[in-house]
Amino acid sequence: MALTGLQIYKLLPKTNCKECGFPTCLAFGLKLAAKGAELSACPYVSDEAKAALESASAPPVHLVTFGEGDHKIEVGNEVVMFRHDKTFYHRPGLALRVKDTQPAEEVARAVAEAAAYSVERVGMQLTLNAIAVENASADPADFVKCLETVKANAKLPLILMSRNPASIEAALNAGAGAKPLIYAADVENWQAMAELAKKSGAPLAVRARGSLDELATLADDLTKAGVQDLVLDTGTRDLAGSLAQLTQIRRLAIKKSFKPLGFPIITFPGEGAESVEQEAIAAAQQIAKYAGIIVLDHFNPCVVYPLLTLRLNIYTDPQKPIQVSPGIYQFNEPGPNSPVLISTNFSLTYFSVAGEVESSGVPTWLVISDSEGLSVLTAWAAGKFTSESIAKTVKTCGIADKVERKVVTLPGMVATLSGELEEELPGWKITVGPREAVDIQGYLKAQPR
Ligand code: SF4
């Protein structure tokens, strides 16, 4: 639980020496509580107070990292129940599971396809994040062989899945990639798994059999045994039960500061599903609430794309709309007589418009006005896409130097601004374009060139 400024002040030296840059210890304490200062700014905090303050300021859901470099996955570190309370910080990793009982060619094909999958949305590349390799045969030699096939076909972080510590040890010894996630410790094998996790420095998943009490006890035993990076699996697979338990875990971690369950959660939506569609529904539910790693059993772009998009939307900071830089964008080599469109700098708006303009093949200038990342209608309603702001953009962005044909086209949604804009932009003709991006191609093709 976060400490108040007063509670922090009681742990400070109270000498008001000002070395931290604040006039008093109380001012420093208040700033620390508001997360506007670093504890290290005070050189006189005792070790005891430091430990208390650091533990109180630690995020309620522990940050767990696996994989390395560009493919590193970070999950946890969440501080709120609901996205609109602040934001969700670390988007859940999506993984595809293969088993060592599958033919090697099938594993190679599935893994290569999943690893190569990448789709662009609002200027970002969305991809799968990890491969889970399951030791379904329970044989260490088969496990290592399958692992070699996976490593040869994908450079993604690995989740090593086996209940047999000997198989996990064999995989680790065979070189299981950079910092894999070990899955899983349970009531029977947790001591051996804890030793392997400590020896390898890999995070460890802990699996219960549907009971949160069992999960908390196991997690507590493992942290006492020295394993700090844990990932939780409740063992519950049905939709309602999974939702209830994932919510309880998040609530206990955030509202009650219950440390044994203050870890990210791993889920297996395919295990409780009777079809690929059911698996997708469970995965979507778990993206929203509150999975940290989701292991899929099927890879199908028709399913993965909406899941990646959902994840992107939920894990975008609601206080910071995704936006592009205001300015002039060129499509299809525009010239002095090419049309000039204007729009806002909300990413989704920009990429929808840009995609249609580019596909039209018509040379076009696109002027993007700074609407603080709001879409056309929202920005207009909020007074951030007005005749004044549009006129200012047109006058200052330099488009007047690039065109002889002084015609600017407004989005159809704000047709009402055309009269005012004509007054603001003497010398320019204002036209009104389509309301929807999908109609832009037809509109552009009908323009005089
Ligand atoms: Fe107080 Fe430490 Fe700041 Fe000095 S440096 S005023 S002791 S908080």
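The first residue of the sequence shown is numbered 1, and numbering continues consecutively from there. Each ligand, and each atom within it, is numbered from 1 in the order the structure gives.
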Is the distance from atom 2 (Fe) of ligand 1 to some N, O or S atom of C42 under 2.8 Å? yes
Interatomic spacing from CD in E48 to OG in S46 - rounded to 0.5 Å: 5.5 Å
Are R97 and E134 within salt-bridge range, i.e. N to O under 4.0 Å? yes
Please check if the distance between the ring centroids of F346 and F385 is under 6.0 Å. no
Can you find a pair of side-chain heavy atoms, one from P165 and one from L196, that are under 4.5 Å apart? yes
Ligand 1-proximal atoms of K18, by part, heavy-atom distance under 4.0 Å: backbone
T15 heavy atoms, cut-off 4.0 Å: which ligand 1 atoms fall inside? 7 (S)
Just wondering, is there an N, O or S atom on C20 that's nearer than 2.8 Å to atom 3 (Fe) of ligand 1? yes
Report the relative orientation of the aromatic rings in H62 and F263; use parallel for angles under 30°, tilted for 30 to 60°, perpendicular for over 60°. perpendicular
Heavy atoms only: give me the nearest S371-T344 pair and the separation to one decimal. OG-CB, 3.2 Å
Around atom 1 (Fe) of ligand 1, find the nearest protein heavy atom and jot down its residue, atom name and distance. C25 SG, 2.2 Å
Closest protein heavy atom (residue, atom, distance) for atom 4 (Fe) of ligand 1: C17 SG, 2.3 Å
If we set the cut-off at 4.0 Å for heavy atoms, which region of N16 has an atom near ligand 1: side chain, backbone, both, or neither? backbone
Under-4.0 Å salt bridge between E195 and K198: yes
Identity and separation of the nearest protein heavy atom to atom 8 (S) of ligand 1: F28 CD2, 3.4 Å
So the atoms of ligand 1 within less than 4.0 Å of a heavy atom of P13 turn out to be 7 (S)
